Amino acid sequence: MVTTTEVLDQFKKYVIGNYNRLNQVIVKGEGCRLWDADGKEYLDMFPGWATSIIGHCHPKVVEALRHQAGELIHIDNTFYNVLQGQLAQRLSELSFGGQCFFCNSGAEANEGAMKLARRHTAKNKYKIITAEGGFHGRTFATMTATAQPKYHQGFLPLMPGFVYVPYNDIDALKAAFDDDVAAVLLEPIQGEGGINVADAAYLQTVRDLCDKHGALAVWDEVQCGMGRTGKWFGYQVTGVEPDIMTLAKGLGGGVAIGAFVARSDVAASLVPGTHASTFGGNPLACAAALATIAAIEEENMLANVEAMSRIAREKLNQLATKYPIIDHVRGVGLMLGIQLNAPGADIVARCWANGLRINCTHDTVLRFMPPLNVKAEEINRAITIMDEALAQSNGGALS
Ligand SMILES: *Cc1c(COP(=O)(O)O)cnc(C)c1O
């Protein structure tokens with residue numbers, strides 16, 4: 001059995017150091033639990049960076065993968081394959097009845113959606129409006145779409161044609177709009193940006209302005225989709241439908257897959273030769289996504305999200321009363337953010353040392369995003385560990 005030190009040495013020598021990693025090697029996961037190479041167990045309230053949406057190694061996903069791996073792992077899009085069609089039908093029926101394109105990641109889904117928006121609106125429309133604090137990926141177009149200067153440093157010049165507006169600001173949006181706009185791309189709930197929830201009136205204004213100017217509304221549901229909010233998709237919380245919706249993260253229950261769903265008349269613009277993905281929609285990835293969707297349905301996970309959200313909010317609000325470092329708790333379903341009024345890195349590190357994984361984004365927002373099938377006792381244990389971490393970090397004195 002390889003030791004932690006050996007793996008760390010190997011990484012140092014052979015793996016590019018573009019991540020800040022914790023010094024643990026994770027060797028096994030099950031539900032909300034993780035084990036490192038030294039046998040220590042952790043409770044994971046941010047599994048796979050919000051990607052293992054029904055917990056690590058859900059038995060239905062494992063079974064579907066095992067079965068499909070023995071039948072056909074990959075077949076290119078020269079052919080039809082059964083599972084891609086089935087997955088497209090499920091996503092279409094669960095959302096707004098469009099058609100799907102499959103790829104392998106969130107960035108690719110957004111990249112494709114933006115290409116489709118330009119292609120569909122054509123006639124010299126080229127501008128893509130995105131919101132400050134948003135996150136859309138790391139490719140050149142999606143990095144440019146990500147209206148946060150820290151992600152652009154060292155990569156200039158950015159792609160032309162992007163316009164940034166403050167999130168949730170109706171007047172700024174109106175001022176930015178003109179007939180050159182091809183699309184507005186935004187997250188119904190910003191994830192990396194700190195769990196910021198769009199107002200219904202804001203999303204409706206985007207919708208109306210897009211209709212008025214012949215632009216497309218593109219919702220990036222990579223993080224807030226797939227049941228995270230207690231609805232299948234984040235936009236269903238307000239009911240304001242997009243023309244295109246992008247998915248990835250939770251879609252495959254931990255297996256790499258991305259997709260976008262587009263209104264059929266919009267989708268028609270993506271004719272052969274305009275866009276493609278070699279791996280996109282292959283049987284193995286689609287089997288994982290179909291099993292994930294089936295598990296969410298069969299195990300009533302959307303109802304569980306609502307129930308566990310109430311419990312988590314109540315307990316987190318109790319922590320907010322106890323520790324002045326917590327300003328407030330916000331979010332929807334199991335996409336919860338704990339706004340601190342000081343940096344949260346120390347609290348996250350103490351939680352980890354005590355066996356709990358949570359995340360901190362934008363310095364001062366803790367992200368609490370357990371899997372959709374989390375149990376009350378797991379939430380209770382997580383919040384007890386957070387309580388201890390806050391006490392240890394003297395959170396009460398830091399306000
Ligand atoms: C993570 C994320 C992406 C990028 O997804 P990748 O799979 O890392 O390319 C895009 N949009 C949102 C909202 C995300 O949270």
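Whatever order the structure lists them in is the order used to number ligands and atoms, beginning at 1. Quick caveat, the model's predicted, so the values are computed rather than measured.
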Student: Around atom CG of D38, are there more than 12 heavy atoms from other residues, nucleotides or ligands closer than 6.0 Å?
Tutor: yes
Student: Are R367 and W49 in a cation-pi setup, meaning NZ or CZ lies under 6.0 angstrom from the ring centre and within 45 degrees of the ring axis?
Tutor: yes
Student: Got a sec: does the CZ of R119 have more than 12 other heavy atoms crowding it under 6.0 Å?
Tutor: no
Student: Using the ring centroid of each side chain, check whether Y151 and F135 are separated by less than 6.0 Å.
Tutor: yes
Student: Which pairs, with at least one residue in residues 125-136 and sequence neighbours excluded, count as a side-chain hydrogen bond (donor to acceptor under 3.5 Å, both in side chains)?
Tutor: K127-D178, H136-D220
Student: If you count only heavy atoms, which residues are under 4.0 Å from ligand 1?
Tutor: S105, G106, A107, N110, F135, H136, G137, E187, D220, V222, Q223, K249
Student: Is the number of heavy atoms from other residues, nucleotides or ligands under 6.0 Å of K150 NZ greater than 12?
Tutor: yes
